[in-house]
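Just so you know, ligand 1 is whichever comes first in the structure, and atom 1 is the first atom listed for that ligand. Worth saying up front: this structure is predicted, and the values here are computed from it rather than measured.
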Amino acid sequence: MTTTTPPPLALTMGDPAGIGPDLTLALWTARKALSLPPFLFIGDGDVLRQRARALGLDVAVAAAEPETAARLFPEAIPVLASDCTVPAVPGMPDSRNAAAVTGAIETAVALTLAGRTSAVVTNPIAKAVLYEAGFGFPGHTEFLADLSAEAAGGRVPLPVMLLAGPKLRAVPVTIHIPLKDVPAALTEDLIVETAAITERDLRLRFGIARPRLAVAGLNPHAGEGGALGLEDDAIVRPAVERLKAAGIDAVGPLPADTMFHDAARATYDVALCMYHDQALIPAKALGFDTSVNATLGLPFIRTSPDHGTAFALAGKGVARPDSLLAALRLAEELARNGQAMKEAR
Ligand SMILES: NC(=O)C1=CN([C@@H]2O[C@H](COP(=O)(O)OP(=O)(O)OC[C@H]3O[C@@H](n4cnc5c(N)ncnc54)[C@H](O)[C@@H]3O)[C@@H](O)[C@H]2O)C=CC1
Ligand SMILES: NCC(=O)COP(=O)(O)O
């Protein structure tokens, strides 16, 4: 059993004009009551100071390194600088600050891979704002996979998006692509690889001894025997058969419209969905404030709130910090499980 204090979580700034700073401040202000896990905020300290003033919060901010963050945390928000180019105005994103946003993510990954922070927790980014500045990835998920290549042995790992909440865990097999491109992107291999990563991470990181996977069909009624689409029988069903042959507890293809009600959800640990909204609509409908977006398949732990930048709420003190809190707690738990696994080896 270890007696050492685990490294802090690395919490990235996200879009400085979004609600990330509000949520960070709200949680830190309630740190004692919440027994908040210590984090190192990677971003612009002035953004936190200015937002605290706007919200009437008495918050101290202190320059820190991972090694000093936990000691400083009771008195101040520890900040490792990734500074904005122009002042951040709540609700008014500016692509000139893109380098500070993406730089914070890069730093968080590097620190976590080096073992100096225990997990990456990301505040929301606005994808379109980053695209304007030339960001070449659809979102965090794909960017984080790219940043993992060296640590993963030189190959960009397949990142798996998991929405995890108290009522549902759901994984979209295809992620940030237009709906019209989904059928072509959906292959037997992609389903099998995504399912295998999900099964392994649920077992090893989440401690579910034998995860039960429910695999959704792509088409209405899972294709209705081919009358409503061919992909379910041609692609999804053979993938499920391969998973079963590999010893994974998988069923499907299931009609997606009847797999998210209470009784259906009780029969599985994770729903494997064929496209983004098939997974994220039920996840957010069942737990917008309690679900966490975690990335599986990476050589480090990453979690995030399930929501976005909510620009209309930034600087107003009304954004709910529950999902970010859940993300910090899940990151702490997964890091603890990972540490216990290492020590048990
Ligand atoms: N992990 C990430 O970085 C994510 C980023 N996004 C980005 O966020 C931007 C805005 O996306 P939207 O689709 O508008 O989603 P959004 O999640 O920002 O907002 C959707 C609705 O939920 C409300 N809302 C969101 N978070 C809230 C909170 N904590 N408390 C109270 N109400 C909250 C908003 O006011 C809005 O009505 C986009 O640029 C998108 O790319 C979206 C999802 C995740
Ligand atoms: N809708 C979920 C989302 O956009 C989050 O994506 P990511 O930035 O975590 O890849």
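The existence of a salt bridge linking D249 and R212 is excluded, since no basic side-chain nitrogen approaches an acidic carboxylate oxygen closer than 4.0 Å. Ion pairing of K284 with D306 is absent here, as no side-chain N (NZ or NE/NH1/NH2) approaches a carboxylate O to less than 4.0 Å. A salt bridge does not link D58 to R53: none of the charged side-chain nitrogens sits closer than 4.0 Å to a carboxylate oxygen. Salt bridge status for K244 with E241: present, with a side-chain N to carboxylate O gap under 4.0 Å.
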*Would F135 and F137 count as a ring-ring contact (aromatic ring centres under 6.0 Å, His included) if you check the C-alpha gap in whole Å, the side-chain angles of each, and the deciding distance to 0.1 Å?*
CA-CA 6 Å; F135 184 61; F137 302 91; 5.6 Å; yes

ask   = Passes side chain to side chain contact (heavy atoms under 4.5 Å, CB included), E199 versus L243? Steps please.
value = CA-CA 10 Å; E199 192 273 344; L243 291 166; over 6 Å; no

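Heavy-atom contacts of S304 reach the following atoms of ligand 1: 1 (N) (cutoff under 4.0 Å). For ligand 1, the atoms closer than 4.0 angstrom to any heavy atom of R320 are 28 (C), 29 (N), 30 (N), 31 (C), 32 (N). Listed by number with element, the atoms of ligand 2 under 4.0 angstrom from any heavy atom of G139 are 8 (O), 10 (O). Near T141, meaning under 4.0 Å from any of its heavy atoms, are these atoms of ligand 2: 7 (P), 9 (O), 10 (O).
For ligand 2, the polar-atom distance check against S304 finds no nitrogen or oxygen pair separated by under 3.5 Å. Some N or O of N293 is nearer than 3.5 Å to an N or O of ligand 2, by distance alone.
In this structure, of G139, G308, S323, G14, the residue bringing a heavy atom nearest to atom 6 (N) of ligand 1 is G308.
Checked by atom type, the side-chain pair T24/N123 shows a donor-acceptor distance below 3.5 Å.
When heavy-atom distances to ligand 2 are checked against a 4.0 Å cut-off, L280 comes that close only through its side chain, counted from C-beta outward. With a 4.0 Å cut-off on non-hydrogen atoms, H307 does not touch ligand 2 at all. Contact annotation for F311 and ligand 1: no heavy atom of the residue comes within less than 4.0 Å of the ligand.
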